[in-house]
2 protein chains.
Amino acid sequence: MKEQKNYAVSCQACSLNALCIPYSLTDDEIDIVDALIKRKKPIQRNKLVFESGDKFSSLYAVRAGAVKTYSVDQEGNESVIGFYLPGEMFGMDAIYSGKHLNTAIAVENTYVCEIPYNRLEELSGQIKNLQSHMFRALSGVISSDQQLQVLLGKKTAEERFANFLLNLSNRYQKRRLSPILFRLPMSRSDIANYLGIAPETVSRVVRRLQVSEILLLDGNDVHILDLHRLCQSAHGRNKNRDEQNNHKYPLLK
Amino acid sequence: MKEQKNYAVSCQACSLNALCIPYSLTDDEIDIVDALIKRKKPIQRNKLVFESGDKFSSLYAVRAGAVKTYSVDQEGNESVIGFYLPGEMFGMDAIYSGKHLNTAIAVENTYVCEIPYNRLEELSGQIKNLQSHMFRALSGVISSDQQLQVLLGKKTAEERFANFLLNLSNRYQKRRLSPILFRLPMSRSDIANYLGIAPETVSRVVRRLQVSEILLLDGNDVHILDLHRLCQSAHGRNKNRDEQNNHKYPLLK
DNA sequence: CGCTACCTTGATTTCGGTCAAGATACGTGG
DNA sequence: CCACGTATCTTGACCGAAATCAAGGTAGCG
């Protein structure tokens with residue numbers, strides 16, 4: 001009982017974060033919403049949350065750890081679609097067709113919450129604020145997907161990676177964690193795949209940013225040294241930054 | 001009165017298409033939903049439907065013509081986000097922040113329907129099928145955005161363009177128009193921008209597809225000659241198609 | 001301690017971008 | 001209806017960012 005209470009408390013925070021429940025819900029309503037959220041067992045690194053082809057029945061939210069989603073085309077190439085951190089929801093793309101087209105996998109040991117969709121839909125019809133929240137949440141995914149679309153269509157490798165870091169930075173900050181010092185839970189090649197570049201290119205970009213003393217990357221620990229210049233990199237305003245690197249060839253006169 | 005009726009009829013079709021209202025709505029419910037949809041004046045080519053920064057208050061659906069949305073970055077570069085054909089809804093990305101981040105412009109003379117969002121939200125709370133339909137519609141945007149993400153991150157210019165044509169083809173087919181003979185309402189450079197390639201590259205890809213007798217492009221009229229091979233192009237299974245072109249240089253022995 | 005998976009670095013290639021020059025279509029006014 | 005000017009599209013030549021190929025290096029794990 002007592003530990004159930006504890007679960008409930010921690011997961012209430014989870015539901016509040018994951019669903020970003022607006023403050024306008026009454027306590028009763030929060031309890032109702034919270035009650036529909038199933039607590040799932042921990043999911044080990046590289047274990048699936050759901051798989052392409054699975055019937056869609058729930059949305060998921062990361063409670064701790066990190067999840068990536070990816071799709072596989074006819075030739076068997078994997079494309080990383082997204083990364084999800086604690087407090088973030090995933091699986092919304094499957095509402096449309098009623099089955100999952102992507103696979104979701106834990107990139108590290110992870111806890112997820114499961115939110116049965118038919119119950120959520122039902123409650124959304126009863127709790128006006130929940131409904132309008134769901135609309136906003138879905139819309140938010142659309143608008144961030146659109147930003148990504150611009151990133152993938154127009155930006156250089158360096159801009160993509162810088163934007164990626166800034167995006168993570170913002171998401172960590174929302175969780176009241178340091179925006180300049182954090183861990184990358186995913187591998188370089190997952191990042192590369194997500195950004196539509198080669199892993200080798202990620203390496204090279206990272207090296208350049210380190211030489212420029214914009215950031216420090218020790219293993220998977222990121223330390224952003226100069227947020228301002230990272231923003232510049234993200235927006236392609238560093239085309240002549242190599243002035244600073246020219247002294248690498250001082251003997252060429 | 002009579003012409004109002006006519007409007008209502010034509011626009012009922014519009015709302016049914018645009019919102020893809022499920023058959024499960026009763027006639028009364030359809031009338032209610034239809035009543036909330038405002039008929040807008042025609043919008044001339046190159047006139048805006050809404051602009052970046054505008055307050056969000058309505059979703060829009062194309063009744064006739066075509067609309068494109070685009071965003072503009074700090075440097076003033078435009079990025080085409082999407083094209084919308086008759087029966088398709090746009091503006092859903094703005095629900096999240098309450099204001100439009102993109103600009104919507106008519107690429108040809110166009111009629112749009114305006115759907116006041118707060119009324120739509122209200123009705124969704126009352127009509128269960130409308131709500132679940134809205135969830136599906138938003139989810140559908142997310143899942144097609146994800147496909148586009150893969151396209152932009154991983155595919156070659158030819159694959160992008162072939163996929164683009166196939167996508168249009170499917171959308172025309174949904175409207176019961178020919179899937180192999182249709183018009184491109186937008187310019188080559190808009191297509192190029194949308195696909196994240198240069199307009200010159202679109203030209204070259206089109207030429208290659210014409211030489212291969214996969215399609216015929218006369219001005220803006222597309223004629224798909226070989227749907228099967230276009231699908232192959234879209235999936236990158238044509239890496240050695242130039243065997244067929246080698247006879248162009250028969251003198252090289 | 002050695003194996004495997006991941007990451008980094010360098011050399012080479014290539015796809016597509018950019019630049020530049022025509023060609024074609026289009027709308028406007030004479 | 002035609003001539004002209006402007007937009008857009010096509011084509012070619014060249015170039016560059018990043019992919020690919022190919023070794024090494026590192027780190028985590030049994």
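Below, read A as the first sequence line, B as the second, and so on, with proteins coming before strands; counting in each chain starts at 1.
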Rounded to whole angstroms, how far apart are CD on B/Gln210 and C1' on D/dT11?
14 Å
What is the distance from CD1 of B/Ile197 to P of D/dT10, rounded to the nearest Å?
12 Å
Going through the checks in order, is the salt bridge (Lys or Arg N to Asp or Glu O under 4.0 Å) test met by B/Glu114 and B/Arg39?
CA-CA 6 Å; B/Glu114 187 182 340; B/Arg39 281 85 214 183; over 6 Å; no
Have a look at the helix from C/dC1-D/dG30 to C/dA23-D/dT8 and give the angle its two end axes make, five pairs each, rounded to 10 degrees.
40°
Round to the nearest Å and state the distance from B/Gln44 atom CD to C/dG27 atom P.
13 Å
Under the salt bridge (Lys or Arg N to Asp or Glu O under 4.0 Å) criterion, do B/Asp54 and B/Lys99 qualify, and how do the steps go?
CA-CA 6 Å; B/Asp54 284 358; B/Lys99 67 180 186 184; over 6 Å; no
Give the rounded distance in Å between these two atoms: NZ of A/Lys154 and P of D/dA18.
15 Å
From CG of A/Asp221 across to C1' of D/dG28 the rounded distance in Å is 15 Å
With syn meaning chi within 90° of zero and anything else anti, the base of C/dA25 is anti
Spacing of A/Ile191 atom CD1 relative to D/dA18 atom C1', expressed in whole Å:
18 Å
B/Arg208 atom CZ is separated from D/dG12 atom C1', nearest whole Å, by 15 Å
Donor-acceptor pair between B/Gln146 and A/Asp145 side chains, under 3.5 angstrom
no
Check whether any side-chain N or O of A/Asp218 sits under 3.5 Å from a backbone N or O of A/Asp221 as a donor-acceptor pair, and report yes or no.
no
Specify the separation, in whole Å, of atom CG of A/Asn77 and atom P of D/dA19.
15 Å
Take the angle between the ring planes of B/His100 and B/Tyr60 and call it parallel below 30°, perpendicular above 60°, tilted in between.
tilted
Is a side-chain N or O of A/Arg183 found less than 3.5 angstrom from the main chain of A/Asn220, in a donor-acceptor match?
no
In Å and rounded to the nearest 0.5 Å, what is the CG to CD distance from B/Leu151 to A/Gln149?
10.0 Å
Under a 3.5 Å threshold, yes or no: a donor from one side chain and an acceptor from the other, between B/Ser233 and B/Glu158?
yes
One thing to verify: whether B/Glu159 and B/Lys154 come together as a salt bridge, which I'm taking to mean a side-chain N less than 4.0 angstrom from a carboxylate O.
no
I need a per-nucleotide contact map over nucleotides 5-12 of chain C, read 5' to 3'. Cutoff is protein heavy atoms under 4.0 Å; write B for the base, S for backbone only, - otherwise.
--SBBBB-
